[in-house]
Structures are given as structure tokens and as C-alpha cells.
Colleague: 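Dropping a structure here in C-alpha cells format, bear with me for questions.
Just so we're on the same page: letters track the sequence lines, and every chain starts at 1. Small disclaimer: the values here were computed from a predicted structure and weren't measured. Note: hydrogens, waters and symmetry copies are ignored here, and every other heavy atom, side chains too, is used.
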Amino acid sequence: MASAGRAFQSPKGTRDLYPPDIAVGRHIESAWRDTAINHGFDEINGPTFEHLGLYTVKSGPGIVSELFSFRRAGGDVDYALRPEFTPTLARMYAAQAAALARPTKWFSIGPFFRAERPQRGRLREHVQLNTDIIGDDSPRADAEVVAVAVDILRRLGLTEDDVRVRIGDRTVVGGVLKSCGVAEAKLPEALELLDKRDRLPAEELSRRCEELSLDLGAFDAEAEAEAASDALGSAGASSALGERRRGLAECLDEIGIGGWCDFNLGIVRGLAYYTSTVFEIHEAKGRERAIAGGGRYDNLVELFGGPPTPAVGIAMGDVVLELVLKERQLLTSDVVCQPRPDAFVISAGKKDAQTRFRPLIASLRRDGLHVRHSYRTTHSVGKLLGEAARARARYAVILGDELARGLVVVKDLDEGRQREVPIGELAAALGRRT
RNA sequence: GCGAUCGUAGCUCAGUUGGUUAGAGCACCUGGUUGUGGUCCAGGGGGUCGCGGGUUCGAGUCCCGUCGGUCGCCCCA
């Protein structure tokens with residue numbers, strides 16, 4: 001008979017997280033949350049599933065095969081596990097728009113789902129940070145969401161030599177494309193082609209360029225000139241269109257992260273709803289998938305029933321980020337660790353020690369201390385100190401013969417020093433280093 | 001959804017042209033007798049060889065299917 005315990009595996013593309021994995025997750029999420037709060041963002045969250053229509057209205061019915069959708073037994077409403085946060089965010093903003101400050105700065109951390117085959121850097125369930133500024137159409141807002149992402153990566157130990165922010169601008173690219181011969185109506189198709197130009201075989205790329213009457217060589221030359229042009233606008237044909245991009249460059253320099261960023265008009269992002277600025281963050285040698293991606297979506301809040309509202313946001317997932325951090329040796333045990341016990345209490349085995357053992361532990365816990373003890377039967381102090389050290393406790397508290405004088409031994413497990421402490425002062429003694 | 005490749009203990013892996021009761025290291029547990037550290041010594045638990053079928057006197061080993069992992073494609077939030 002098949003045992004149920006063996007019959008089940010975790011579903012494809014999901015992760016079982018054991019204590020060391022949780023420690024890594026907390027390390028990353030703390031960096032996300034603390035940094036977002038430091039930058040003045042308020043935390044929100046939404047449901048992990050939404051009405052299916054929330055996603056099809058924006059992306060069309062083709063997206064359905066890429067998400068987990070379902071109906072409750074006997075029901076007739078279609079739901080979907082959320083594949084991204086932006087529609088929820090736009091919905092939530094639209095519902096409260098009249099009461100919200102301008103700009104509104106929100107961040108959110110939670111799980112997201114997609115129904116595709118897992119591969120490197122991409123699972124069916126992952127955790128993502130979303131950081132958005134709604135109601136501010138200035139390049140300063142674009143720079144601000146990039147700054148949060150950069151500060152997070154810096155806090156996690158990465159440098160501008162490890163990761164690069166690539167910034168594009170769809171308006172500028174559209175202008176350049178038109179000047180290179182692409183008809184207005186063909187722009188979306190041309191943007192899509194640019195997004196995947198590196199992944200296409202050469203002959204197919206040139207065939208599709210021909211269809212769009214796009215001269216790629218001319219495009220590259222002009223795009224490079226635009227990207228290189230300075231704030232004074234010395235460049236050529238598209239200098240008026242590039243105004244926003246140059247404003248953004250100034251803002252990035254002003255807040256000290258210009259060195260992390262490269263303008264690259266080849267960056268257009270796959271998603272259809274971005275309106276002008278788009279960005280993605282990659283490992284510097286381009287080794288992994290994007291660590292983060294985002295852009296400006298000035299039409300989306302209105303599409304979800306709110307007032308016309310400009311917005312810009314960036315999303316960062318945990319999977320690629322963890323790969324990059326691991327590769328750079330930034331997830332070592334000294335930086336990623338499980339909660340450290342304040343005390344490991346040891347009974348040396350005498351009757352009075354045994355009597356006071358559990359009440360003392362309970363009392364220390366009520367005082368807010370993280371306290372552990374052995375579940376083994378041995379009272380060998382040597383073995384139990386070994387266990388205390390393995391638990392990475394700061395102090396060992398030994399209940400021994402001194403108990404007759406109302407004292408316990410407190411041993412600092414890092415320094416190796418120990419002293420006797422009146423049992424009534426134990427909690428206070430454990431609250432500070434000896 | 002499509003393709004390639006892999007699946008032996010909690011982990012990393014051995015396992016001969018198919019041949020008796022499937023092994024090692026690490027980890028875990030116990031002991032080395034009564035109060036001071038991750039070492040050392042001895043011992044122990046733990047595996048339906050992912051699962052299901054087939055070939056064979058005999059399958060961890062060969063064949064088929066299936067479920068997972070990994071890496072690509074599609075797509076990218």
C-alpha cells in the first residue's frame with residue numbers, strides 16, 4: 001500500500017524552506033523592508049489571488065496559459081494566483097485615490113506565481129519586492145525607485161562593479177525608430193523586436209527588420225548618440241525627446257547613484273504597458289536573468305478605474321538575487337544566521353538544580369530572553385556546553401552546587417570567561433555582555 | 001506547452017560485462033559514570049535504489065511509462 005508520506009513531493013517549481021533557507025530569506029527581506037522604509041515608502045499588501053479578469057484586461061487572454069487560474073468547486077467565478085503586483089496596486093490606488101497623498105509611495109513583499117516550466121532563476125513560486133511611486137510624473141520619481149533598488153543591493157554587499165542598472169526610454173526609442181524609417185503603426189512590433197534582438201538568429205532578425213523597413217545600423221548609431229548626449233542637449237535629431245532621459249541622468253547623479261547606471265536605448269522591456277522610462281538590473285557580466293525590472297506606467301491607474309495618474313515602479317525577485325549573492329560569497333554564515341539564543345541553561349543534575357530548571361527557563365522567557373536547553377538525558381556539563389556552543393548561544397547558565405548560595409554560573413561562550421551571579425539578577429545579567 | 005539531461009541514506013557520492021543479506025564520508029543519536037566547549041575513541045539508528053510496468057532464472061544496473069530536479073526553448077510580471 002502506498003504510504004501517503006512518500007506519495008507527496010513538493011509541487012514542481014516550489015521550494016520547501018528549512019531553517020537555514022529561512023535565514024537567507026529573512027536576510028534578503030530585511031534588506032528590502034528596511035531600505036524601502038528608510039526611503040519613505042509605506043508597506044501594503046493585497047490578496048495572493050485576484051479575479052482572473054484583472055490580468056486579462058491588461059494583457060489579453062493569451063496570458064491565461066501562463067498563470068495558475070481556478071474556480072472554486074461549484075462556483076462560476078474565475079480566479080488566478082497573482083503573477084505580478086502592479087494590477088493589484090493600481091486597483092488599490094484607484095479605490096482610495098481621492099484620499100491619498102501625492103505622491104503616494106508604497107512597497108509590498110509577498111509571493112507570486114507563474115505556471116511555466118522552472119529554470120535557472122525562475123520558479124513557479126517566488127517572493128518579490130514591489131516599490132512604486134504613484135502621482136509624480138517627474139524624472140526625480142524615476143530616480144527615486146532606482147535608488148531604493150541600488151541601496152538594497154549595496155546593503156547586501158554588492159557594488160557598482162557587481163551589478164548594473166540599465167535604463168532605457170520607450171519614447172526616445174520610438175522617436176529614433178521613426179527617424180530610421182519605421183511607420184508609427186509598426187512601433188509596438190519594432191519595440192518587441194528590439195527586446196529580443198539578441199535572442200534571434202541573425203537571418204531572422206534581418207528579415208524582420210526588413211519587414212518593418214528598419215535600418216538597424218542607423219538605429220544603433222542614433223541610439224548611441226542619444227545615450228551619450230549630455231544634459232545640455234548637444235545631440236542630434238531626438239534631443240527634444242531625450243529631455244526626460246537627460247533629466248533622469250541629472251537626478252541619478254544628484255543622489256549619488258549615477259555610477260551604477262548605464263543608459264541603453266536597447267532596453268525596452270517585454271511588457272506592453274510601460275510608457276517611457278524602463279529599467280532593469282543585471283549582474284554586471286550579464287550572467288543571470290534580470291535581478292530587478294520596472295518602469296513608468298502612466299496609463300495603468302486610469303485603466304483600472306482611477307483618475308489619470310502617472311506612476312513608476314520597480315520589482316525585485318528573490319531567486320536571481322540569491323543566485324548573484326551566493327556567487328559573490330555574500331551569503332556566508334557570518335552574515336546570514338539564525339536567531340542567536342541569549343542563554344542555554346544547563347542543569348548539573350543535583351536535586352535542587354532539577355527543581356529550579358524549568359521554572360527558571362520559563363521566567364527568563366517571560367523576561368523576553370531567547371532561552372534554550374537540552375532535551376538529552378545526560379547531565380555531563382562538558383557535553384551540554386558543547387550543545388550550547390553548537391546552538392550558538394551567547395551565554396551558558398549552569399545550575400550547580402552554587403545554587404545552595406543562591407548563585408548560578410554564567411559563562412560567556414564567545415570569550416570563555418565565567419562568573420557567578422545571584423539568581424535574582426540573572427535576567428539583568430543576560431541582557432548585557434559580561 | 002516543447003526539448004536535453006539526471007534521480008542510490010538527511011547531504012556529497014561509490015556500487016565491476018545484470019549475480020547472495022546495497023556501501024563510504026559528513027550529519028544525527030548513545031556511551032567513554034557523577035561540574036566546563038565544536039576535538040578524540042567505540043557503538044547505533046536510518047535506504048520500498050523516485051514511482052509503476054516490462055525483459056530475465058535473477059534488475060540499483062537493461063527497456064517503456066510516469067513524477068520530480070537541473071539546463072535550454074516559448075514567455076517574462
Colleague: Can we say A/E144 and A/R140 salt-bridge, meaning some charged N sits less than 4.0 Å from an Asp/Glu carboxylate O?
Modeller: no
Colleague: Expressed in whole Å, how much space separates the C1' atoms belonging to B/G7 and B/G65?
Modeller: 16 Å
Colleague: Between A/R117 (CZ) and B/G3 (C1'), how many Å, whole number?
Modeller: 8 Å
Colleague: Which residue lies toward the 5' end of RNA chain B, A/Q418 or A/T378, if each is placed at its nearest nucleotide?
Modeller: A/T378
Colleague: By the 4.0 Å heavy-atom rule, please label A/R82 as base, sugar-phosphate, or nothing.
Modeller: nothing
Colleague: Roughly how far apart, to the nearest Å, are B/C6 and B/G60 at atom C1'?
Modeller: 15 Å
Colleague: Mind calculating the distance between CD (A/E84) and C1' (B/C75) to the nearest angstrom?
Modeller: 13 Å
Colleague: So, OP1 or OP2 of B/G72: does either fall under 4.0 Å of a side-chain N or O from A/R122?
Modeller: no
Colleague: Both A/F113 and A/Q119 contact RNA chain B. Taking the nearest nucleotide for each, which residue is further toward the 5' end?
Modeller: A/Q119
Colleague: Can you tell me how far P of B/A77 sits from CZ of A/F304, to the nearest Å?
Modeller: 15 Å
Colleague: Are A/D78 and A/R71 ion-paired here, with the side-chain N under 4.0 Å from a carboxylate O?
Modeller: yes
Colleague: In whole angstrom, give the distance that lies between atom CZ of A/F112 and atom P of B/A77.
Modeller: 14 Å
Colleague: If you look at every strand shown and take non-hydrogen atoms under 4.0 Å, does A/E402 touch a base, only sugar-phosphate, or nothing?
Modeller: base
Colleague: Taking only the C1' atom of each, what is the distance from B/G19 to B/U61 in whole angstrom?
Modeller: 11 Å
Colleague: Starting from P on B/C74, measure out to CZ on A/R114 and report it in whole angstrom.
Modeller: 15 Å
Colleague: Between A/R328 and A/E283, is there a salt bridge with N-O shorter than 4.0 Å?
Modeller: yes
Colleague: Tell which nucleotide pairs with B/U48, taking only Watson-Crick or G-U wobble pairs whose two distances are both under 3.5 angstrom.
Modeller: none
Colleague: With a 3.5 Å limit on both atom pairs, tell me what B/U16 is paired to, counting Watson-Crick and G-U wobble, or say none.
Modeller: none
Colleague: Need one value for A/R390: base, sugar-phosphate or nothing, where a base atom within 4.0 Å counts as base even if backbone is also close, heavy atoms only.
Modeller: base
Colleague: In whole Å, I'd like the distance from the CG atom of A/D414 to the P atom of B/G37.
Modeller: 16 Å
Colleague: Between A/F112 and A/R82, is there a cation-pi geometry (under 6.0 Å to ring centre, at most 45° from the normal)?
Modeller: yes
Colleague: Please report the distance separating the P of B/G45 from the corresponding atom of B/A22, rounded so that it comes out in whole Å.
Modeller: 15 Å
Colleague: In whole Å, what separates the C1' atom of B/A59 from that of B/U17?
Modeller: 14 Å
Colleague: Could you please name the partner base of B/G3, counting Watson-Crick and G-U wobble pairs only when both distances are under 3.5 Å?
Modeller: B/C71
Colleague: Check every strand shown and say whether A/L413 touches a base, only sugar-phosphate, or nothing at a heavy-atom separation below 4.0 Å.
Modeller: base
Colleague: Rounding to the closest angstrom, what is the interatomic distance between B/C62 and B/C74 at atom C1'?
Modeller: 35 Å
Colleague: Mind calculating the distance between CZ (A/F68) and P (B/C75) to the nearest angstrom?
Modeller: 19 Å
Colleague: If the P atom of B/C29 is compared with that of B/U39, how far apart are they to the nearest Å?
Modeller: 12 Å
Colleague: Using a cut-off of 4.0 Å on non-hydrogen atoms, how would the nucleic acid contact of A/A389 be classed: base, sugar-phosphate, or nothing?
Modeller: base
Colleague: Mind calculating the distance between CG (A/L385) and P (B/U39) to the nearest angstrom?
Modeller: 14 Å
Colleague: Heavy atoms under 4.0 Å, any strand shown: does A/G13 hit a base, just sugar-phosphate, or nothing?
Modeller: sugar-phosphate
Colleague: Applying a 4.0 Å non-hydrogen cut-off, can you work out what A/I398 is touching in the nucleic acid: base, sugar-phosphate, or nothing?
Modeller: base
Colleague: Can A/D352 and A/K350 be counted as an ion pair, charged N to O under 4.0 angstrom?
Modeller: no
Colleague: Applying the Watson-Crick and G-U wobble criteria at under 3.5 Å, what pairs with B/G25? Answer none if nothing qualifies.
Modeller: B/C11
Colleague: Base, sugar-phosphate or nothing for A/G382? Non-hydrogen atoms, less than 4.0 Å.
Modeller: sugar-phosphate
Colleague: Taking atom P in both B/G69 and B/G37, compute the distance separating them and give it to the nearest angstrom.
Modeller: 46 Å
Colleague: Spell out, as yes or no, whether a donor-acceptor pair under 3.5 Å connects the side chain of A/T275 to the backbone of A/R296.
Modeller: yes
Colleague: What does B/U55 pair with, Watson-Crick or G-U, if both distances are under 3.5 Å?
Modeller: none
Colleague: Which residue is it: A/R124, A/E125, A/H126? I am looking for the one with a side chain to side chain contact (heavy atoms under 4.5 Å, CB included) to A/R15.
Modeller: A/H126
Colleague: Is any side-chain N or O of A/K383 under 3.5 Å from a base N or O of B/G37, one able to act as donor and the other as acceptor?
Modeller: no
Colleague: NA contact type, A/G416, heavy-atom cut-off 4.0 Å: base, sugar-phosphate, or nothing?
Modeller: base
Colleague: Write down the atom of A/A31, the atom of A/L156, and the distance for their closest heavy-atom approach.
Modeller: CB-CD2, 3.6 Å
